[in-house]
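First the proteins, then the strands, lettered A, B, ... as listed; each starts at 1. Values below: every heavy atom of this structure, side chains too, minus hydrogens, waters and symmetry copies. Predicted, not measured: the structure shown is a model, and the values here were computed from it.
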Number of protein chains: 2
Amino acid sequence: MAGAAGRKVRRATMNDVARLAGVSIKTVSRVVNDEPGVHPATAERVLAAIDQLGFRRNLSARNLRRGSSTGTIGLVLEDVANPFYSGVTRAVEEISRLRGRQVITGSSDEDPARERELALEFCSRRVDGLLIVPAGLQHGYLVPEMRAGTPVVFLDRPAGDVVADTVLVDNIGGTIEAVAHLAAHGHRRIAFLGDAPDIFTANERLRGYREGCVRSGVGYQEDLVVMGPHDERSIASALHRLKGFREPPTALVAGNNRITVHVLRALANVVERPALVGFDDFELADLLSPPVSVIAHDASALGKAAGDLLFARLDGDSSPPRRVVLPVRLVPRGSGEVRA
Amino acid sequence: MAGAAGRKVRRATMNDVARLAGVSIKTVSRVVNDEPGVHPATAERVLAAIDQLGFRRNLSARNLRRGSSTGTIGLVLEDVANPFYSGVTRAVEEISRLRGRQVITGSSDEDPARERELALEFCSRRVDGLLIVPAGLQHGYLVPEMRAGTPVVFLDRPAGDVVADTVLVDNIGGTIEAVAHLAAHGHRRIAFLGDAPDIFTANERLRGYREGCVRSGVGYQEDLVVMGPHDERSIASALHRLKGFREPPTALVAGNNRITVHVLRALANVVERPALVGFDDFELADLLSPPVSVIAHDASALGKAAGDLLFARLDGDSSPPRRVVLPVRLVPRGSGEVRA
DNA sequence: CGCCACTATGACAACGTTGTCCGCGAGTGG
DNA sequence: CCACTCGCGGACAACGTTGTCATAGTGGCG
């Protein structure tokens with residue numbers, strides 16, 4: 001059992017190592033960086049000294065001196081605890097690891113000020129690249145960074161006022177498909193429960209819903225739309241209100257994974273359940289009864305696509321900014337295949 | 001629409017700002033750090049220059065010069081994508097934010113070498129503190145760091161061979177309770193599906209299971225224990241094998257959230273389902289049918305406790321290392337209350 | 001009018017590392 | 001035996017920032 005007892009000790013530097021090994025500091029540097037031109041016996045002595053002192057090279061100093069890469073990628077998202085974003089995080093981490101980079105993450109909680117604060121903090125740390133799930137619409141603050149050559153990729157939502165690489169999912173197409181699917185099962189009164197309309201994806205999905213209603217010949221009815229922000233309570237009361245309509249909706253489209261879960265919870269003890277299609281897939285959706293039909297898209301694919309784009313830029317790709325839209329697919333599992 | 005077009009530009013330094021504002025670099029530093037003794041008009045000029053150049057102070061240089069805090073906390077866990085750990089991550093992020101720190105995370109995937117690599121990388125970055133979910137049993141490599149004053153807190157599992165702050169959950173107590181609960185409902189053949197026994201929590205929970213069997217008068221039966229590592233397939237085949245017994249188990253204890261989910265999937269279309277209690281709570285457990293009874297413990301509580309411990313150390317607490325064991329509680333929801 | 005206290009600013013070194021360049025000694029070919 | 005190369009190691013500056021100390025200006029006061 002080794003303890004950490006004893007006086008707090010100053011951290012060893014290359015100088016200390018050099019002194020102990022009886023060589024110059026530059027030689028230590030050479031050993032640490034696997035540079036050629038060091039006699040094996042000398043290297044041995046240096047390594048022994050490093051081990052004895054527990055020396056770890058100071059990356060702040062290294063980064064400062066080298067000026068180029070800090071070996072870090074900044075990732076700003078809405079909430080790491082949301083399974084969708086933690087999937088994205090994992091994918092980004094994975095691809096970064098292959099490229100020898102560490103990931104620094106931060107949750108913005110949909111607060112534009114917090115997003116900006118995090119992103120700028122990351123820039124101060126001189127991250128090699130930034131991946132951002134935008135909370136706000138103003139990203140002019142990133143222009144100096146981009147000018148200085150820091151690649152920025154926007155994820156899941158586009159930036160408001162800068163032109164940059166962006167990876168999105170097909171929100172509109174997905175919602176159109178959801179509505180079409182429900183309409184094909186005879187539903188004519190299809191409600192939409194969406195997130196706050198100033199969130200890009202929420203708005204796009206609303207547009208898709210509207211378009212889907214029109215295309216499916218159902219007709220768009222304002223009163224069947226309930227936009228957020230939502231929590232469990234507000235979803236429950238919205239459902240209650242909809243149910244009180246003279247012609248209540250027979251089907252629901254839920255705008256994202258959290259809303260879907262809230263809907264499921266609100267409907268838990270209801271006998272006459274409306275048909276349901278949720279946007280975003282989630283674990284256990286297939287094990288619920290009825291299993292929940294969803295518009296699925298892959299968090300890892302999103303993270304990977306964004307990461308690929310970012311690293312391509314780091315590798316020197318200077319083509320015009322790209323916008324990648326990842327496909328979604330309807331996964332019918334039961335909850336959406338109930339006839340009206 | 002601002003573009004990032006134009007030549008790639010060198011990043012502005014304090015020197016550039018100083019020249020543009022017609023002051024010395026030290027004055028710029030004073031403004032940036034809100035130090036007193038700068039004439040308001042001068043500060044104004046400096047701020048304008050900063051804005052014009054898009055200057056962001058280089059934290060590598062700052063950290064190097066100041067030598068003290070880098071404003072970062074390193075978090076090594078098993079897999080950010082696992083909801084349990086992403087909950088921990090979020091809690092750590094939250095508490096770090098309040099203390100003005102950024103969190104750097106890395107997933108070890110249960111690989112001791114990877115854990116070590118990540119932790120040492122973080123040390124090279126001179127993180128202010130380390131939070132580690134140990135993958136291995138050897139942590140001697142951290143001794144120099146701890147000597148140098150970097151606080152280390154182990155999370156969810158203890159370290160193998162160093163004495164340090166540790167936050168655990170009551171694995172043994174929880175599993176004992178699970179077994180007792182099932183026994184109270186008349187079960188005499190209770191199987192245990194656990195993770196790889198070299199994982200601390202898996203082993204502790206196995207011990208708890210064994211103890212629980214003894215205490216409940218059920219008797220410990222070797223052949224009802226199936227340890228991992230597990231995936232969906234292996235769980236399915238284990239269940240199949242157990243079912244073939246002359247006296248098949250009438251109840252199951254699942255060793256962690258992933259195993260529980262695998263069990264649920266394997267049992268999805270089975271009519272005669274054994275009673276089930278899972279270790280770890282998970283979202284939607286209450287909405288399944290039957291709702292899944294679990295031994296619940298709080299990921300955020302774990303993250304918060306560890307963070308509190310870490311920051312207490314950073315604030316100078318030098319009392320002997322502590323071991324905190326967080327309570328768990330049985331949440332009966334249905335799946336565990338089936339009579340034998 | 002000379003001295004002091006005080007404000008506003010600047011010159012300079014140092015943090016730990018790495019890139020550049022230089023030197024020493026041994027081996028090698030003519 | 002000399003000139004030249006090659007392998008190895010070291011001295012020194014520089015990265016961008018901040019702490020220390022010095023200094024110029026300013027106004028008050030005896």
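- With rounding to whole Å, L59(A) atom CG is found 13 Å from dT18(C) atom C1'.
- Candidate nucleotides dG16(C), dG9(D), dG16(D) were compared by shortest atom distance to the side chain of H39(A), and dG9(D) ranks first.
- Of the candidates dG9(D), dT17(C), dT18(C), dT18(C) carries the atom nearest the N33(A) side chain, counting heavy atoms from C-beta on.
- Of the side-chain N and O atoms in R65(A), none sit less than 4.0 angstrom from OP1 or OP2 of dG16(C).
- In this structure, K26(B) places its NZ atom 15 Å from P of dA22(D), rounding to the nearest Å.
- Atom CZ in R66(A) sits roughly 15 Å away from atom C1' in dT20(C) (whole-Å rounding).
- Counting non-hydrogen atoms under 4.0 angstrom, R30(A) reaches a base of the nucleic acid.
- Summarising the geometry, atom CZ belonging to F311(B) is positioned 14.0 Å from atom CZ belonging to R313(B); distances are rounded to the nearest 0.5 Å.
- Taking every side-chain heavy atom of T42(A) into account, dC8(D) is the closest of dC8(D), dT18(C), dG10(C).
- At dT9(C), none of the side-chain N or O atoms of T27(B) fall inside 4.0 Å of OP1 or OP2 (strictly under the cut-off).
- If you check the side chains of S108(A) and E78(A), you find no donor sitting under 3.5 Å from an acceptor.
- Atom CG in N15(A) sits about 11 Å away from atom P in dA11(D), given to the nearest Å.
- No side-chain N or O of N58(B) forms a donor-acceptor pair with one of R125(A) less than 3.5 Å apart.
- Here R62(A) reaches the OP1 or OP2 of dT18(C): one of its side-chain N or O atoms lies under 4.0 Å away.
- Across the protein-nucleic acid pair, R126(A) atom CZ and dT17(C) atom P stand 20 Å apart, rounded to whole Å.
- The neighbour count for E35(B) CD, taken as heavy atoms of other residues, nucleotides or ligands under 6.0 Å away, is above 12.
- Which of dT17(D), dG16(C), dT17(C) sits closest to the side chain of L64(B) comes down to dG16(C).
- Counting non-hydrogen atoms under 4.0 angstrom, V32(B) reaches nothing in the nucleic acid.
- The nucleotide whose nearest atom lies closest to any side-chain atom of V38(A) is, among dT17(C), dG10(C), dG9(D), dG9(D).
- Nucleic acid contact class of G37(B) (heavy atoms, under 4.0 Å, all strands): base.
- Distance, N63(B) CG to dT17(C) P: 14 Å, rounded to whole Å.
- Set against dG19(C), dT17(C), dT9(C), the side chain of T13(A) has dT17(C) as its closest nucleotide.
- A side-chain N or O of R11(A) and one of T150(B) form a donor-acceptor pair less than 3.5 Å apart.
- For S24(A), whose side chain is taken as the heavy atoms from C-beta onward, the closest listed nucleotide among dG16(C), dT18(C), dG10(D) is dG10(D).
- The separation between R10(B) atom CZ and dC15(D) atom C1' is 11 Å, rounded to whole Å.
- Counting any heavy atom pair closer than 4.0 Å across all strands shown, I25(A) reaches a base atom.
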